[in-house]
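Report on the structure given below.
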Amino acid sequence: MSGRVFSFIGNMAGAKFDKLDFWVSPGPILSNEGTKPTFPYWSEPGEGWMQTFISKSAKEPERLAKWLSYMASPEGMTLTHWGIEGVHYTKNDKGLIVQTDKGIQDTKDSTKTALDIFWQFTNLSFFESVMPAPTKRSGAGGLAEVEARTAFAKGKEVVRYNASVMVMPGDFYAVGSKNKTIKDQVQQYIQAQISKMVLAKDEATFNKLYDEYIAKLKELKIDELDAAVDAEVQKRFKELGVTVKGVNS
């Protein structure tokens with residue numbers, strides 16, 4: 001706030017865009033080895049950032065299912081995110097949502113008002129489809145925030161690719177399947193071994209641990225899993241008419 005330069009590294013949700021209007025970004029920080037930064041986008045909708053289950057011991061599973069269905073609907077998301085029409089928001093001549101002063105304040109006081117408190121049901125694609133484009137620099141969702149959030153992906157040096165072709169089908173890692181077993185064993189081993197390599201006392205120790213790491217991954221059949229993943233990706237290439245190629249290999 002004093003005007004000195006501050007570099008923020010971390011989750012952009014903590015950047016306080018609603019309070020500051022002078023955020024800027026230089027775009028991607030480039031490698032001195034000449035490698036290109038990449039940015040994934042998805043041409044197909046995904047499953048979201050969390051999965052919700054209803055316990056089989058629930059006393060009224062039907063009511064819970066109806067509640068979840070409503071919360072994920074346009075009506076439910078509008079109510080929980082923006083509140084009540086005429087009180088917390090109005091609609092402009094294009095039918096897009098515009099927050100009132102009360103709506104803005106109640107969103108800031110979300111722990112008291114419960115407005116925009118159900119972050120688990122956040123759907124940015126839906127929100128952006130019913131909101132007008134920002135015209136002010138400051139505030140949440142303002143031009144300063146939009147510019148900072150999109151600076152990396154819009155960089156001319158960045159290679160953008162369709163990550164939808166990398167999404168495995170729902171039964172690829174089915175419980176009890178070979179793929180699931182290999183994946184779980186590999187992940188457990190990686191978590192334990194990575195910390196040992198990072199904390200190696202010298203280069204010789206690191207190299208020894210790394211060689212053990214590669215050998216063990218092969219023993220756990222990671223090559224078989226990689227081959228299975230590649231086969232699925234090749235299918236997706238044909239289905240979507242998209243080919244993703246490595247740019248730094």
More than 12 heavy atoms of other residues, nucleotides or ligands under 6.0 Å from CZ of F237: yes or no? yes
Are any of the side-chain heavy atoms of Y161 and V247 separated by less than 4.5 Å? no
Backbone N or O of A200 within a donor-acceptor pair of the T205 side chain at under 3.5 Å? no
Nearest heavy-atom approach of N179 to A228 is OD1-CB, 4.0 Å
Distance-only, no hydrogens or angles: does the T181 side chain make a donor-acceptor pair with backbone N or O of S177 under 3.5 Å? yes
Search all heavy atoms of P28 against all heavy atoms of P37 and return the closest pair with its distance. CB-CG, 4.1 Å
In terms of heavy-atom contacts, D223 and K218 come closest through OD2-CG, 4.0 Å
Would you say that more than 12 heavy atoms from the other residues, nucleotides or ligands in this model lie under 6.0 Å from the CD of E203, or not? no
Does Y173 belong to the same Ile/Leu/Val/Met/Phe/Trp/Tyr cluster as V165, with side-chain heavy atoms less than 4.5 Å apart forming each link? yes
Got a second to check how far H88's NE2 is from T107's OG1, nearest 0.5 Å? 7.5 Å
Heavy-atom count check: over 12 atoms from other residues, nucleotides or ligands less than 6.0 Å from R160 CZ? yes
Between N123 and F126 (side chain of the first, backbone of the second, donor and acceptor by atom type, cut-off under 3.5 Å), is there such a pair? yes
Rounding to 0.5 Å, atoms CG (D106) and CG (D101) come to a distance of 11.0 Å
Are F121 and L68 close enough that some pair of their side-chain heavy atoms sits under 4.5 Å apart? yes
Tell me the closest heavy-atom pair linking L115 and G103, and the distance in Å. CD2-O, 3.8 Å
Applying the 4.5 Å side-chain criterion to the ILVMFWY set and letting contacts propagate, would F39 and V146 be lumped into a single cluster? no
Validation row: E157, K36 side chains within 4.5 angstrom (heavy atoms): no
Residue pair L240 / E44: nearest heavy atoms and the distance that separates them: CD2-OE2, 3.3 Å
When you compare the side chain of Y89 with that of M131, does any pair of heavy atoms fall below 4.5 Å? no
Determine whether a donor-acceptor pair (N or O, by modelled atom type, separation under 3.5 Å) exists between the side chain of T100 and the backbone of V87. yes
Could you report the tightest heavy-atom contact between A163 and P40, atom names first, then the distance? CB-CB, 3.8 Å
Lys/Arg N to Asp/Glu carboxylate O, R236 vs E232, below 4.0 Å: no
Indicate if V159 and L30 have the same hydrophobic cluster label, given that clusters are the connected sets of ILVMFWY residues with side-chain heavy-atom separations under 4.5 angstrom. no
Calculate, to the nearest 0.5 Å, the distance between atoms OH and CE belonging to Y70 and M77 respectively. 10.5 Å
With a 4.5 Å cut-off on side-chain heavy atoms, are L225 and K221 touching? no
According to a 4.5 Å side-chain heavy-atom criterion applied to Ile, Leu, Val, Met, Phe, Trp and Tyr, with indirect links allowed, do I104 and W82 form part of one hydrophobic cluster? no
Kindly work out whether a path of hydrophobic side-chain contacts (I/L/V/M/F/W/Y, heavy atoms less than 4.5 Å apart) joins Y41 to M166. no
Where do T78 and V130 land on the side-chain contact (heavy atoms from CB on, under 4.5 Å) test, with the steps shown first? CA-CA 9 Å; T78 299; V130 296; 5.8 Å; no
A side-chain contact here means heavy atoms from C-beta on lying under 4.5 Å apart; do V186 and L217 qualify? yes
Kindly indicate whether the side chain of M71, heavy atoms from C-beta on, has any atom under 4.5 Å from the side chain of Q120. no
Side-chain donor/acceptor of T80 to backbone N/O of D116, under 3.5 Å: no
Any chance you could measure T150, atom OG1, to F152, atom CZ, to the nearest 0.5 Å? 12.0 Å
Determine whether more than 12 heavy atoms belonging to other residues, nucleotides or ligands lie under 6.0 Å from atom CD1 of I29. no
Check the angle between the aromatic planes of H81 and F127 and answer parallel, tilted or perpendicular using the 30° and 60° thresholds. parallel
As an exercise, state the distance from CG of D202 to NZ of K208, rounded to the nearest 0.5 Å. 11.5 Å
Output, in order, the C-alpha distance, side-chain angles, deciding distance and verdict of side-chain hydrogen bond (donor to acceptor under 3.5 Å, both in side chains) for Q188 and D184. CA-CA 6 Å; Q188 290 173 10; D184 289 348; 5.8 Å; no
Hey, what do you get for CD1 (I190) to CE (M197), rounding to the nearest 0.5 Å? 8.5 Å
Looking only at atom types and distance, does a side-chain atom of S69 sit under 3.5 Å from a main-chain N or O of K66, one as donor and one as acceptor? no
